[in-house]
Protein chains: 2
Amino acid sequence: MAPQQDRKSAILRSSADLFARQGVASTTVRQIADEVGVLSGSLYHHFPSKDAIVNEIVTTYLEHLRGRYREVLSANLSPRDRLEELITASLLAADAEPNASIIYQNEMNYLREMPQYEAVKAAAAEVQQTWLAVIEEGRADGSFRTDIEPRVFYRFVRDAVWLSVRWYRPEGPYTIERLAADCASIFLDGYAAFDLD
Amino acid sequence: MAPQQDRKSAILRSSADLFARQGVASTTVRQIADEVGVLSGSLYHHFPSKDAIVNEIVTTYLEHLRGRYREVLSANLSPRDRLEELITASLLAADAEPNASIIYQNEMNYLREMPQYEAVKAAAAEVQQTWLAVIEEGRADGSFRTDIEPRVFYRFVRDAVWLSVRWYRPEGPYTIERLAADCASIFLDGYAAFDLD
DNA sequence: GTCTATATTAGGATAGAC
DNA sequence: GTCTATCCTAATATAGAC
């Protein structure tokens with residue numbers, strides 16, 4: 001990797017870390033520069049603005065996420081298995097780029113005011129469409145309930161899945177795969193004890 | 001209500017609205033003053049700082065939430081019904097003060113840096129304790145599953161419940177009570193179609 | 001590609017008149 | 001209780017030397 005790419009990714013890495021911990025608005029370009037080990041003016045050789053850094057972090061993340069979703073959709077699975085795979089793919093994407101994922105969850109207010117918001121919005125719409133299609137498929141073939149609106153179910157799952165990046169810690173024996181399995185089981189089977197009689 | 005109380009609550013109302021829409025850090029005291037119809041200096045007659053406004057919004061909200069939880073705990077209910085009532089109480093609290101609820105969800109980064117953070121943290125701990133106690137009770141009497149950690153279940157429910165304030169709109173025929181019932185049913189019974197054979 | 005130096009803007013907060 | 005006027009600080013961003 002060329003040296004300027006190293007520096008650029010160092011800026012992205014440090015920025016993502018600070019944005020996730022402190023919020024975008026409260027993070028200054030001087031802090032980012034400090035973390036990288038340059039002076040603040042030098043950042044502007046690599047990015048035209050602070051917003052551009054935010055934008056690159058978030059769009060890269062959404063790009064990776066969409067790639068994972070496409071893989072899930074290409075496999076031939078039952079709606080139930082596909083939903084579980086969407087959950088797993090989302091959790092793996094968040095685990096691969098936790099800072100980007102946190103920023104995406106926390107900074108919708110900020111992103112909405114950015115000039116590049118349309119691209120983010122389009123990616124978000126595609127993500128939502130992916131989930132809803134799987135849910136509709138499961139309703140059609142009788143594997144999911146039809147007495148609860150798909151959108152309502154989707155939003156509950158989505159928020160539970162995305163927000164887990166705020167509390168899940170990959171250290172320890174509790175793996176992402178286990179987390180995904182527990183999540184899928186709660187949302188599909190419920191937390192009430194199984195009736196065995 | 002005395003006139004100075006009117007003005008003070010107008011400041012709180014306008015601030016909450018702006019904080020929820022734009023984020024705390026991106027909202028200026030001048031914007032708040034504009035919204036209220038005074039000049040920015042006048043705000044400081046009612047509050048010592050912008051942080052103090054944030055703090056009052058959030059602590060009042062948490063106070064109301066704790067009141068609702070206490071009511072739920074005082075009733076004699078099964079763990080399942082109590083969990084459902086906790087969900088309903090949370091959704092009603094968020095619906096009563098949607099801006100405060102949104103701020104509380106979005107601005108953890110900001111709140112953590114405030115001098116009054118300890119009070120918020122204590123209230124948050126009590127809220128968590130309330131949920132966990134009900135979950136443990138249900139595990140003990142056999143109504144909830146024991147193969148998934150209570151904390152994991154709690155966090156999924158919590159995030160799904162709290163975040164609904166971002167998308168739920170009280171207009172229209174879909175009521176809070178219905179939302180609460182759907183949420184409880186998804187989390188307890190699951191979204192998979194009921195097996196009827 | 002990074003530095004120095006600085007322009008420019010805007011933020012939170014305050015003092016004192018009314 | 002509000003206004004006027006302003007202090008002080010800190011932010012993003014730029015220009016030009018090295």
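Just so it is clear: chains get the letters A, B, ... in the order the sequence lines come, proteins before strands, and each one is counted from 1.
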What contact category does B:Ser26 fall into here, base, sugar-phosphate, or nothing, at under 4.0 angstrom with non-hydrogen atoms?
nothing
Atom-pair distance ([atom1] on [X]; [atom2] on [N]), nearest Å:
X: A:Leu39; N: D:dA13; atom1: CG; atom2: C1'; result: 14 Å
X: B:Tyr110; N: C:dG11; atom1: OH; atom2: P; result: 13 Å
X: A:Gln22; N: D:dA11; atom1: CD; atom2: C1'; result: 14 Å
X: B:Gln31; N: C:dG12; atom1: CD; atom2: P; result: 9 Å

Return the CZ to CZ distance between B:Arg158 and B:Phe156, rounded to the nearest 0.5 Å.
10.5 Å
Apply side chain to side chain donor-acceptor pair (under 3.5 Å) to the pair B:Tyr191 and A:Asp189, showing each step before the final yes or no.
CA-CA 7 Å; B:Tyr191 194 63; A:Asp189 306 322; over 6 Å; no
In the hydrophobic clustering (ILVMFWY, side-chain contacts below 4.5 Å, transitive), which residues join A:Ile102, or is it alone?
A:Val165
Check this one for me: any side-chain N or O of A:His45 less than 4.0 Å away from OP1 or OP2 of C:dG1?
yes
Using a cut-off of strictly less than 4.0 Å, decide whether A:His46 has a side-chain nitrogen or oxygen near OP1 or OP2 of C:dT2.
yes
Can you list everything that forms a side chain to side chain donor-acceptor pair (under 3.5 Å) with A:Tyr168? Sequence neighbours excluded, please.
none
Minimum heavy-atom separation for A:Leu62 to A:Ala123, with atom names?
CD1-CB, 3.8 Å
For the rings on B:Tyr154 and A:Trp167, is their centre-to-centre separation under 6.0 Å?
no
Once base and sugar-phosphate atoms are separated, protein heavy atoms under 4.0 Å mark nucleotides 13-18 of chain C, 5' to 3', with B, S and - as BB----
